[in-house]
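One structure is given here, and the rest of the page talks about it.
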Protein chains: 2
Amino acid sequence: MTSAITPERLDSLFRPRSVALVGAANKSMFSRLAYGNLVEFGFADRTHLVNRRGAVTHDRPTVTSCAEIGEPVDVAFLMVPRAGTLDALSDAAAAGIRNAVVLSSGYGEAGPAGRVAQDELVAHAASLGMVLLGPNQLGFANFTAGAPVTCVPGLPHTPGPVALLSQSGASSGAMVEFATTAGVGLSLMATLGNEAMVTAGHVLDYLVDDDATRAIAIFAETVRDPDVFRSAARRAAAAGKAVVVLKAGSSALSARTAAAHTGALVGDDATIDAVFADLGVIRVDSIEDLLLTAGAAAHLGRLERTGVGVVSISGGACDIIADRAQDVGMELPELADATQDALAAQMPEYGTVQNPLDVTGAAIIDPGLFTRTITAMSADPSVGVVAVVNSLPWSGEGPYSGQMFVDAIGAGVAAAHCPVVYVNQVMAPITDRTREVLAAGGVPYAIPGLRQAVVALRHVTWWSRASRRHDGSPAAPGLPASDLTASSDVPVPPPGDRHGAWSEDAARRLLADAGIPVVPGRVAGTADEAVRMAAEIDGPVVLKLVSPDVLHKSDIGAVRLGVQGEDAVREAFGEISLAARGVSLAEVSPAEVSPAGMSPAGMSGAGVSGAGVSPAGQGVPGARIDGVLVAPLRRGGVELLVGVVREQQWGLMLAVALGGILVEVLDDSALSPLPVSPERAAAMLRGLRGSAVLDGVRGAAPADVGALAAVIARIGDLALALGDELESLEINPLRVDGATIEALDAVVTWRPAR
Amino acid sequence: MTSAITPERLDSLFRPRSVALVGAANKSMFSRLAYGNLVEFGFADRTHLVNRRGAVTHDRPTVTSCAEIGEPVDVAFLMVPRAGTLDALSDAAAAGIRNAVVLSSGYGEAGPAGRVAQDELVAHAASLGMVLLGPNQLGFANFTAGAPVTCVPGLPHTPGPVALLSQSGASSGAMVEFATTAGVGLSLMATLGNEAMVTAGHVLDYLVDDDATRAIAIFAETVRDPDVFRSAARRAAAAGKAVVVLKAGSSALSARTAAAHTGALVGDDATIDAVFADLGVIRVDSIEDLLLTAGAAAHLGRLERTGVGVVSISGGACDIIADRAQDVGMELPELADATQDALAAQMPEYGTVQNPLDVTGAAIIDPGLFTRTITAMSADPSVGVVAVVNSLPWSGEGPYSGQMFVDAIGAGVAAAHCPVVYVNQVMAPITDRTREVLAAGGVPYAIPGLRQAVVALRHVTWWSRASRRHDGSPAAPGLPASDLTASSDVPVPPPGDRHGAWSEDAARRLLADAGIPVVPGRVAGTADEAVRMAAEIDGPVVLKLVSPDVLHKSDIGAVRLGVQGEDAVREAFGEISLAARGVSLAEVSPAEVSPAGMSPAGMSGAGVSGAGVSPAGQGVPGARIDGVLVAPLRRGGVELLVGVVREQQWGLMLAVALGGILVEVLDDSALSPLPVSPERAAAMLRGLRGSAVLDGVRGAAPADVGALAAVIARIGDLALALGDELESLEINPLRVDGATIEALDAVVTWRPAR
């Protein structure tokens, strides 16, 4: 039934003309709080109280069922115990009510029995054609429409541009309070609870079309419907509405593909980070940053440039901002010569013209210095927003002694060539007093606190660039709009035998056909063939078992590196053929080590396994053996792991890691959903902590990162072309040596048939 | 004169019986603010106004000089222009005033001329026997004594336990305001300005003895007198008073020793981190964390255990706390069985017994659940402090609807076995309203905001352990009290020829004499000797030039690795001897490559340098050549860089880094002032990002970290024993292979004579 949860449908839930409070009772704190809110917002005359016994409740007459109401009602707020919920739903539906908000708990959050009850609840609502918010939540409040259908107390009466969604009911009151404290106006507050039917993604999708909402703040412990969320987040990005998520509670690592090391790099949390980055969704890590970032994004909108210019009354504040900017990656661009000249013309001789700019104590005598430096700073070609640091009052009465500075800053806001935001030096509340002072000066918005402002502006500038990918805007540096679809020139591979794992040789051919460079190599069925092939290769060779049943060849001794000369090749071939059959070398005679030959395909070691099976873990009795791959040995260069693995919730994810000791010692990898453009792949490489190794260390040639990124993007495109059957595709190592890029080994695994 | 700035001396500055406001003027905003504060705190009758013309000022009669006052005055607050400051000092001194607070700017912060003026100012004050606070600052306020000698407005009237010191005047008002907003009471606020005479270290030293101060918060851009600061910080740690520093403005990297790579690892900022960690000084990165951490430390004092137990009304808050705790390293210990049983007996069946503990909605019906779970949590053997998460009001009047929860939490505070702190879910102010609600419930202290609380508690728990090193308390894990002095068994090396750099061979002997394991090796003066020495070594050898004038031997081709066999040794010896003399191999005949011999010492290549000097950068014409070192080639294992370098401000610092590709690709090192105990060395090793390499990767044996740490500590002890003349001592690499630890190469450099 989730397909029924369209934005149009949710409008009748979130913008109700009338509400039935089902389970209204004087002794229920929830009922008292909910009714109190309805009264406070002047919604009482559109509220119907339903009480099982028809008792006068909250000093009003009640009805005993929704059917008795006798006029159209949009939403039933069910405050009945769990046991009575199904009946209450039926009653509401019978009265023509199409939306239910379910308070009671004991469902999905409460073990197996609860999950059964939740399934029944959803099935029942669906059968009645009802949309259901909850269960296990505290309702919602639409501040724009003045409709509070919630037990959360302390609701603000002045609506604003930020919608707040929370899976946690118990924290929602505190979040609403903080929004008020920090001057972040709310358009909607919705607690989502278990999201049995309506999920955060659905509400997000609804809010994209809600004119009153300009940014969406979400507190979530999990994303319950990834497809809906992803689609809604893309629509929000295209609409220029920032989505800010406080994602709490890192859960266990995602299920892994045993065959691919990639899986181990894909934790739930890293996946969420990668998916959010892809979608232009901002991730924060505190309630304060959630609301302040959403507030700043709603106020500032999408910025044209991502540099932040800072004008400050305090040199100490400049230092703090510079330090934190470096920590979180906020851009403080160097100013253009013209900007520097313009600022120098204004600043006292003892001041320093730079960004952040300390206007010095000269501004105390001459507040207009604020106006003029803001104007000059805002004209810099790299500056997308000017942050002005000064103090603000939050208590007290009468004229504010610093009003002249606020006035001067307001004049700067009016004259500026880009958005300007006021930043209070510390995190103090934005009260009516503060708003009066700001309004008198013509300053529209203020962020409380230096750290908070740096975090919020870093996020808003990042989002301003990242969200453009989703709306067909002109390409921003590093993130062209075109990277949302795979490049089209990877041919769709033929179906083949898509189950289990493919042998290295099959995987090699798949890569080569897709235009991904692979180290040359041929499969030998006999030792003589191997010797011939090795002789055609300049320098030492590598011999490797080719078998779809042996993924970790080196674990069983079925890989020989740096083999040179006929005898050595012959001996290595023999050892590999024995190892594959689970025969330990110590157990066989020298004659057996140089077998006459193997049949090229379908060969089985089962025949000899009884005679000499080696200790546990060695060999794979019964393994199919396709032969031995003979390839040149590569030395030097940098080795990477490039893997695509299917994440349960979010689909195919591409991971890039540096190989060798770096991947073992550091947990250093970059992750992205597919498709991955060459630009994105290059950014992933640059984001690795050990990325300096690509610049060429110890005299090595620098890697051709552009060419490497193109190969990585192509690997992702191949994985996409392989479609739903692919489980994982891992190239380990992908070797890069200057401009030479080659896959040295590869594994492909397929999903079990469904 | 800094020796005169004792705590006793500063008491007459910071606890004045009377004050002279010199430069008082109606039209001066500074004068109005300063006098307003004195009036507001009832200090007006102990204030004397000095006005050049004797004009009535601030509605009071004035005198034209301090000498006219005619009674004892403790502090002169000089608000005169820079040009008049020296005269004003003389006048004050003549009147018997021993302390001056200098407001005016244009000194050390204002270029070379300003620095000259500042030197004059200090010299003049010193000649008058005066102690001087500033210049370029806004005064101080002693809240305990009710003495506000400052232009900072908005001072609080209720004193508290936190002293706030700030080098920034412009930010001090905002910091004081935030302290008030956040309910952090202040004992003293002092702006320090240029610290021409009185530095943060002096005031810190004074505050160690100030009973009203239980924690010290410092906003600093630089530490101006490291010795004074270090000594004061140690005394504060011993006294159980936390020192919290917001150190802003990372300056340029420290001066480096060209001879030692170690220098490059020692940035100013990393040095400050290492020194603060050593001293138990807490470092924070925002104004809010500065004051909230100091407030929490002052309230909680030093904790007996470092685990934090969390009791929360919201599961969402538990998730946020767990995530942030992991980010910042706050310990959330697993609860002991007995604690789990005790909690299980209280919790509803659907709750989960864990830390952080969500008391669930059951606490709404039964607030006593808070009391009982706090009590049980506080008895856990790992828990040193219990943090209780719930909401708090900051505005409104009349009875608070949540008072019953605060009451229940207060009952938990009273019954608890360890300190308990209340945590508001969001960062809202602590107002009179909040304090009433807390006081009514018997709750002594609250921290506003989950993120802020996690940061503050992480710092307080860390400090509780780290500060014990300085007071002779029983050893805390990893930080025994004994590690403050070097182990005594490193013999003081003989003076030797301490200038310039020592050759590898001399450095090797120094290490060996100090009991630091060094790879065996001997110095050959002739090719024949080298051949003989190599023959006595099993396996390939290394040949290296020994010369005090060539520090980067491999850069000039004077190192040969993996040499085996008589011919090869002879050839390598010849090549090295030529390379040392700056002769490129291409330019000499084969005969010359195998010279008959070199004199063992004092040999010079100058004689041949004219004949075949190689391109720029090759060889060192005129270099002294002591011979060629012959040593076994070591393979495998892990290589580290262990270096001691003299940091300009803070003295000898020991750096540890992983060698090879890891140190090149990552900026991965650990730093500590000396002495470094084996326990500290082990902690430094564990703190490296690439430390997993020591656990044995790719089948290598795990390093004996205990033995390695002991060697590292010994290297530090040797550096200390070498005393003031040492510039740097670098071992690169120090090789560890299982339990085998050996220095493979070393460089020692000495300070230029002073």
Side-chain angles (χ1 to χ4, degrees), chain A residues 29 105-106 109-111 153 166-168 170-171 173-175 177-178 181 219 221 246 248-250 285-289 313-317 319-320 322-324 326-327 350 361 364 391 394-395 401 424-429 449-451 660-662 664-666 689-693 697-698, chain B residues 29 105-106 109-111 153 166-168 170-171 173-175 177-178 181 219 221 246 248-250 285-289 313-317 319-320 322-324 326-327 350 361 364 391 394 401 424-429 431 449-451 660-662 664-666 689-693 697-698:
Chain A
M29 190 181 70
S105 57
E109 83 286 2
S166 173
Q167 285 174 355
S168 164
S171 292
M175 288 190 282
E177 191 212 323
F178 181 76
T181 301
F219 177 33
E221 295 172 359
L246 172 58
S250 310
D285 62 14
S286 73
I287 292 173
E288 290 83 0
D289 289 342
I313 187 63
S314 157
D319 289 342
I320 294 173
D323 288 357
R324 296 294 77 72
Q326 184 176 301
D327 289 350
Y350 57 85
I364 310 258
S391 293
W394 65 273
S395 58
S401 63
N424 193 356
Q425 284 205 64
V426 294
M427 187 139 162
L450 301 177
R451 198 200 72 86
I661 200 165
L662 288 165
E664 290 184 51
V665 168
L666 303 170
R689 280 187 283 167
S691 68
V693 79
V697 290
R698 314 208 140 183
Chain B
M29 190 181 72
S105 56
E109 82 287 0
S166 173
Q167 285 175 355
S168 165
S171 291
M175 287 191 281
E177 191 211 321
F178 181 75
T181 301
F219 177 33
E221 295 172 0
L246 172 58
S250 311
D285 61 14
S286 72
I287 292 173
E288 291 82 2
D289 289 342
I313 187 63
S314 157
D319 289 342
I320 293 173
D323 289 358
R324 295 296 76 73
Q326 183 176 300
D327 289 350
Y350 56 86
I364 311 259
S391 292
W394 65 274
S401 64
N424 192 356
Q425 284 204 67
V426 294
M427 186 139 162
T431 58
L450 301 177
R451 197 198 74 83
I661 199 166
L662 287 165
E664 289 185 49
V665 168
L666 303 170
R689 279 187 283 167
S691 68
V693 79
V697 291
R698 313 209 141 182

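Chain letters run A, B, ... following the sequence lines, proteins first and then strands; every chain starts at 1.
- Interatomic distance, CG of B:Leu450 versus OG of A:Ser286, reported as 8.5 Å (0.5 Å rounding).
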Original post:
After noting the C-alpha distance and the side-chain angles of A:Ser391 and B:Glu177, does the key distance pass the side-chain hydrogen bond (donor to acceptor under 3.5 Å, both in side chains) rule?
Top reply: CA-CA 10 Å; A:Ser391 293; B:Glu177 191 211 321; 5.3 Å; no

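- The candidate with the highest count of non-hydrogen atom pairs below 4.5 Å against chain B, out of A:Ala428, A:Ser105, A:Ala170, A:Ser395, is A:Ala170.
- Of the inter-residue distances, the one linking B:Asn424 atom CG with A:Phe178 atom CZ reads 10.5 Å to the nearest 0.5 angstrom.
- Only the side chain of A:Ser168 comes within contact range of chain B, with at least one heavy atom under 4.5 Å from a heavy atom of that chain.
- Within the 4.5 Å cutoff, the side chain of A:Glu288 has no heavy atoms near those of the B:Glu288 side chain.
- The shortest distance between side-chain heavy atoms of A:Val426 and B:Thr181 does not fall below 4.5 Å.
- When each of A:Ser166, A:Gly315, A:Ala174 is checked for heavy-atom pairs under 4.5 Å with chain B, A:Ala174 comes out on top.
- The greatest number of non-hydrogen atom pairs below 4.5 Å with chain B, out of A:Gly361, A:Gly106, A:Pro429, A:Gly111, is found for A:Pro429.
- Residues satisfying the salt bridge (charged side-chain N to carboxylate O under 4.0 Å, His left out) test with A:Arg324, not counting sequence neighbours, are A:Asp327, B:Asp285.
- To the nearest 0.5 Å, atoms CD1 (B:Ile287) and CZ (A:Arg451) are separated by 12.5 Å.
- The minimum heavy-atom distance linking B:Gly316 with A:Glu221 is given by the pair CA-OE2, 3.5 Å.
- Contact annotation: the side chain of A:Ser401 never approaches that of B:Pro153 to less than 4.5 Å [non-hydrogen atoms, C-beta and beyond].
- B:Thr431 pairs by the side-chain hydrogen bond (donor to acceptor under 3.5 Å, both in side chains) definition with B:Thr434, not counting sequence neighbours.
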